[in-house]
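Data block below; observations after.
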Amino acid sequence: MAKLLLSVDLEDVRDGLSDGHRYTDRVVINTDRYLEMFRNWNVRATFFVVGKVAYRHPELIDRIIKEGHEIGCHSSTHQHVVQHTPQSLEADLRRNRDILKKLGATEIQGFRAPTFSLIASASWAYQVLADTGFTYSSSVLPAHNPLYGWPEFGQQCKKINGLIWEIPMTVCPVPGLRVPIAGGIYLRVLPFWFLRFMIKIIQNRNRIITTYCHPYDIDTEQERFMHPDLDENQFYNWLMYLNRDSLPNRLKQLCDTYSVLSYGQYATRLESSNKHY
Ligand SMILES: [Zn+2]
């Protein structure tokens with residue numbers, strides 16, 4: 001059975017806007033919905049947490065830990081990796097880890113770069129990640145993308161410089177449509193029959209399926225505003241709100257069909273087999 005890696009990138013989309021906090025904070029209500037769904041489906045996920053959100057909602061981090069999910073880092077303020085120097089990234093990661101540890105996360109193995117901003121020109125980041133105690137990263141979108149992408153990375157998990165595993169996003173096997181098919185916006189807007197068909201192809205190639213969702217991906221009551229990182233593009237922003245009500249059921253069907261693991265569980269398996277997948 002194909003393995004499905006389940007994750008939530010725990011961030012507050014309002015933090016990316018200059019005037020974002022005039023809108024309602026929807027992070028807790030949406031994250032609690034994920035927790036309830038995962039409890040009902042009896043699956044464990046990885047929550048890659050932005051430090052700022054942890055400071056704001058310590059009780060939420062406590063609930064995630066008590067439900068048995070994995071806690072990983074998603075930076076302190078959602079600043080993209082390529083905008084850092086090695087020194088500033090290290091300081092950011094240490095702050096991110098410290099707050100999560102203070103809130104009870106005992107073992108933090110993994111990191112996800114904001115907006116998959118770990119690209120070839122920022123590959124120095126792996127040394128920083130290893131130096132700050134991470135054993136895996138899931139930060140690469142191995143395809144061309146309007147924002148960030150590293151197509152030459154390839155689709156297999158790799159141990160970088162013998163230091164740290166990278167678990168890249170699973171992309172659609174159709175040339176010209178190399179999008180991270182089981183994550184965020186794509187998991188919501190692509191026809192579900194197509195998604196399932198593509199996942200079958202990926203499964204037949206003996207590859208894992210990586211998923212990622214955000215609190216807003218299931219939020220049907222969020223106020224309307226222009227999301228960050230979209231260059232004020234109205235069409236992309238329309239997609240940001242599309243089919244949010246479909247996501248819980250789509251996720252459930254995937255979780256019912258495949259063998260669900262957290263990213264950390266999978267990274268541990270990679271390490272124990274210590275070969276390229
Ligand atoms: Zn993010």
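All heavy atoms count here, side chains included; hydrogens, waters and symmetry mates do not. Every number for a ligand or one of its atoms is a count from 1 in the order of the listing.
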message = Going by the rule ring-ring contact (aromatic ring centres under 6.0 Å, His included), which residues pair with His84 if we only count those two or more places apart in sequence or in a different chain?
response = none

message = Contact between Thr115 and His78 at the side-chain level, heavy atoms closer than 4.5 Å - yes or no?
response = yes

query = Excluding sequence neighbours, so at least two apart, what forms salt bridge (charged side-chain N to carboxylate O under 4.0 Å, His left out) with Arg22?
reply = Asp19

request  = Kindly determine whether Arg94 and Arg97 satisfy side chain to side chain contact (heavy atoms under 4.5 Å, CB included), including the steps that lead there.
outcome  = CA-CA 5 Å; Arg94 290 197 188 281; Arg97 288 182 76 98; 5.7 Å; no

inquiry  = I need the protein N, O or S atoms closer than 2.8 Å to the Zn ion (ligand 1), given as residue plus atom name.
reply    = Glu11 OE1, His74 NE2, His78 NE2

query = Considering all heavy atoms of both residues, which atom of Tyr236 and which atom of Pro146 are nearest to each other, and what is their separation?
reply = OH-CG, 4.3 Å

request  = Kindly state each residue pair satisfying side-chain hydrogen bond (donor to acceptor under 3.5 Å, both in side chains) with at least one member in residues 179-201, sequence neighbours excluded.
outcome  = Arg188-Asp217, Arg196-Gln253

